[in-house]
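Below, chains carry the letters A, B, ... as their sequence lines are ordered, and counting in each starts from 1.
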Amino acid sequence: MTNQYIAKIFKELAQLLEIKGENPYKIRAYQNAARVIESLPFSIETMVKEGKDLTKLPAIGEQIAKKIIEIVTTGRLQKLEQLKAEFPKGILSLLSIEGLGAKHIRTLYETLHFQTIDELEKLAKEHKIRNIKGFGPKLEEKIANGIRLYKQEGIRFLYSEAEPHAKELHQFLLKAPTIITVVIAGSFRRCKESVGDLDIVAAASQPDKVIDYFTKFIQVAHIVSKGDTRSTVVLNNGLQVDLRVVKESQFGAALHYFTGSKAHVVAIRKMAQEAGFKINEYGLFRGDSIIASENEAEIYNALGMDYIPPQLREDRGEIAVASKRNLPQLLSLESIRGDMHLYSNYSYGSSSIKELATAAMAKGYSYIAICDHFGSLDLEKIEGYLEEIEALNRIFTDFKIFKGVEVDILEDGSLALSDEILRSFDIVYIAVNSSFKLSKDAQTKRLLRALENPYIHAIAHLTSRLLHERPPIELDYLTLFDKILERKVLLEINSQPNRLDISDILTKEAKFKGIKFLINSAAASVEELNYMHYGVCQARRGWLEQEDVLNCLEYNALLTTLP
DNA sequence: GCCGTTTTCGGCCCGACTGTTTTCAGTCG
């Protein structure tokens with residue numbers, strides 16, 4: 001049972017209680033618990049089975065601990081089942097309709113007693129909603145449209161999919177009248193692996209002119225809201241974009257607020273309040289006097305802490321560490337000295353080894369590893385492959401190519417290539433590329449056995465997840481990380497934008513265990529060498545510093561450090 | 001429902017915009 005499953009139960013519980021009109025602080029308590037459970041690096045199921053005290057976790061008190069135990073032991077939560085039975089099936093989907101919240105949904109249900117969502121859609125079309133107190137024609141239309149939209153698919157974008165839109169909007173807004181600064185904030189600035197919308201913060205002397213200009217962006221499909229200082233639009237492809245425009249002197253405070261995460265901002269505001277400040281999107285205040293507002297660093301500094309980079313702003317311990325002025329010095333793209341996992345046209349890459357090497361040199365790297373994916377049928381091919389790399393190494397000066405391979409971990413934990421073959425490579429990655437649905441126990445045993453092999457160096461894309469496509473394989477990470485550390489095996493952060501494997505949370509957990517990493521583009525073409533920056537962002541979200549990542553080392557240092 | 005170097009009770013982040021209203025509740029971020 002995953003933490004996500006447990007968190008989802010509390011999220012649904014909170015939503016249903018909201019529709020029921022429960023105490024909002026109780027609802028928030030469930031939401032907070034869900035968020036904490038979701039971002040735990042270890043399995044809460046295991047905690048329960050080992051009899052650990054759940055109330056030691058933040059936001060988990062006696063009541064929620066009891067409920068977690070119930071979920072783990074019975075697979076469900078009685079209280080949620082009861083609540084669900086009180087309302088029509090699918091009622092929670094109504095919450096995803098823009099502009100329709102819990103209070104409205106409750107009024108709708110109490111007035112109309114609809115039994116299905118389809119029934120509600122029909123009532124909306126028949127104009128049975130507009131005369132209810134608190135409703136009108138506009139909301140009625142939103143409900144009808146919202147239900148129709150929901151029946152299609154929910155939209156969420158990979159970071160890499162949102163990126164071109166972000167860049168284009170940035171360029172567009174820089175040409176807005178009276179504009180001074182534009183930053184894409186929100187989850188995009190925090191480099192989350194997928195983003196729900198784009199939040200943009202701008203500074204301008206006449207905000208209303210910028211808002212006007214913004215809503216005329218060519219790709220705007222419709223305008224959700226438009227005021228003097230803020231506006232929301234939806235683009236043709238369904239991506240929602242929010243713009244907030246402030247005065248230059250307030251830019252830092254606004255940027256901080258709109259970068260989030262929500263949990264981070266709430267925690268900072270609470271902390272500021274306890275210290276006698278007030279903080280909002282216009283600045284940090286003590287009484288009526290403004291303490292800081294122009295840039296983010298000033299605000300953090302006034303609160304007595306290190307500047308917290310956006311990628312760390314998730315309320316996962318960064319505030320406490322920053323208050324001790326002890327934040328990690330996160331690595332950057334410039335820290336990377338080589339790319340240690342590339343596929344050439346010997347397996348499923350489209351570029352030759354020489355092309356990859358030349359492109360890597362042009363990027364300023366001093367080494368790469370070609371690690372094609374080979375199985376037991378490829379023995380002849382491997383021979384030529386090794387020779388070609390050796391030949392290129394004789395030609396290049398000040399640049400080295402490692403002879404690498406990715407080998408499959410079979411279902412029983414044995415490897416697809418013999419030790420004899422594995423010995424001929426400089427770097428061997430093992431990877432799960434099949435049997436993704438084994439039980440947690442079987443999957444963990446499979447990895448543990450593979451880790452016994454003496455000729456391996458690193459694990460490629462550990463969880464084998466594909467974002468929005470395939471869930472991560474189930475593993476007992478605590479046990480596995482102990483073994484990885486003992487065997488001095490490296491973990492890869494795979495930069496492919498639909499993988500970003502391992503996750504930020506696992507990365508942080510592994511780092512504090514003492515495990516070292518490689519950040520790789522896993523490029524299958526020259527162009528994909530540029531994916532490296534996605535992996536670096538992910539590593540930053542996982543609190544990694546240069547010293548945690550072996551391909552931040554120069555060639556000679558790397559040679560002596562490689563396991 | 002959670003939480004506590006002021007507290008085991010009484011707090012719990014803060015403001016813009018919309019659609020409904022005649023001054024504001026609901027929603028959102």
Using a cutoff of under 3.5 Å, can you pull out all pairs of nitrogen or oxygen atoms linking the protein to nucleotides 2-5 of chain B, with atom names and distances?
unit_1 : atom_1 : unit_2   : atom_2 : d
dC2(B) : OP1    : Gly61(A) : N      : 2.6
dC2(B) : OP1    : Gly61(A) : O      : 3.2
dC2(B) : OP1    : Ile64(A) : N      : 3.1
dC3(B) : OP1    : Ala59(A) : N      : 2.6

NZ of Lys103(A) versus C1' of dC24(B): gap in Å, rounded? 13 Å
Using only modelled atom types and a 3.5 angstrom limit, is any donor from either the side chain of Asp197(A) or the base of dG29(B) paired with an acceptor on the other? no
Starting at CZ of Phe285(A) and ending at C1' of dG15(B), how long is that distance when rounded to a whole Å? 12 Å
Check Lys11(A) with Glu38(A), please: is the shortest side-chain N to carboxylate O separation under 4.0 Å? yes
Nearest listed nucleotide, side chain of Lys138(A), among dC17(B), dG19(B), dG29(B): dG19(B)
Check whether any side-chain heavy atom of Tyr534(A) sits under 4.5 Å from a side-chain heavy atom of Glu163(A), and report yes or no. yes
Between Arg244(A) (CZ) and dA16(B) (P), how many Å, whole number? 6 Å
Nucleic acid contacts of residues 1-22 of chain A, taken as heavy-atom distances under 4.0 Å to DNA chain B: none
With no angle test and no hydrogens, is the base of dG11(B) tied to the side chain of Tyr25(A) by a donor-acceptor pair under 3.5 Å? no
Shortest non-hydrogen separation from Leu331(A) to Ala539(A) and the atoms involved: CD2-CB, 3.9 Å
Looking at every heavy atom in both Ser521(A) and Ser495(A), which two are closest together, and how far apart are they? CA-CB, 3.8 Å
Please report the closest heavy-atom contact between Glu509(A) and Phe481(A), naming both atoms and the distance. CG-CE1, 3.9 Å
Side chain of Glu281(A) (C-beta onward), nearest among dG19(B), dG26(B), dG15(B): dG15(B)
Closest to the Val266(A) side chain, choosing from dC13(B), dA16(B), dC14(B): dC13(B)
Give the nucleotide from the list dG1(B), dC14(B), dG19(B) with an atom nearest to the side chain of Lys67(A). dG1(B)
Suppose the criterion is side chain to side chain donor-acceptor pair (under 3.5 Å): which pairs have a residue in residues 88-107 of chain A, not counting sequence neighbours? Arg106(A)-Glu110(A)
Among dT27(B), dG15(B), dC17(B), the nucleotide that comes nearest once only the side chain of Ser225(A) is considered: dC17(B)
For Lys56(A), check side chain to side chain donor-acceptor pair (under 3.5 Å) against everything at least two apart and list the hits. Asp53(A)
Using OP1 and OP2 only, check whether a side-chain N or O of Gln240(A) sits under 4.0 Å from dC28(B). no
Could I get the full list of ring-ring contact (aromatic ring centres under 6.0 Å, His included) partners for Phe277(A), not counting sequence neighbours? none
Neighbours of DNA chain B within residues 79-92 of chain A, by heavy-atom distance under 4.0 Å: none
Ring centres under 6.0 angstrom apart (Tyr477(A), Phe42(A)): no
The residue, Lys226(A) or Val265(A), whose nearest nucleotide of DNA chain B is more 5′ is Val265(A)
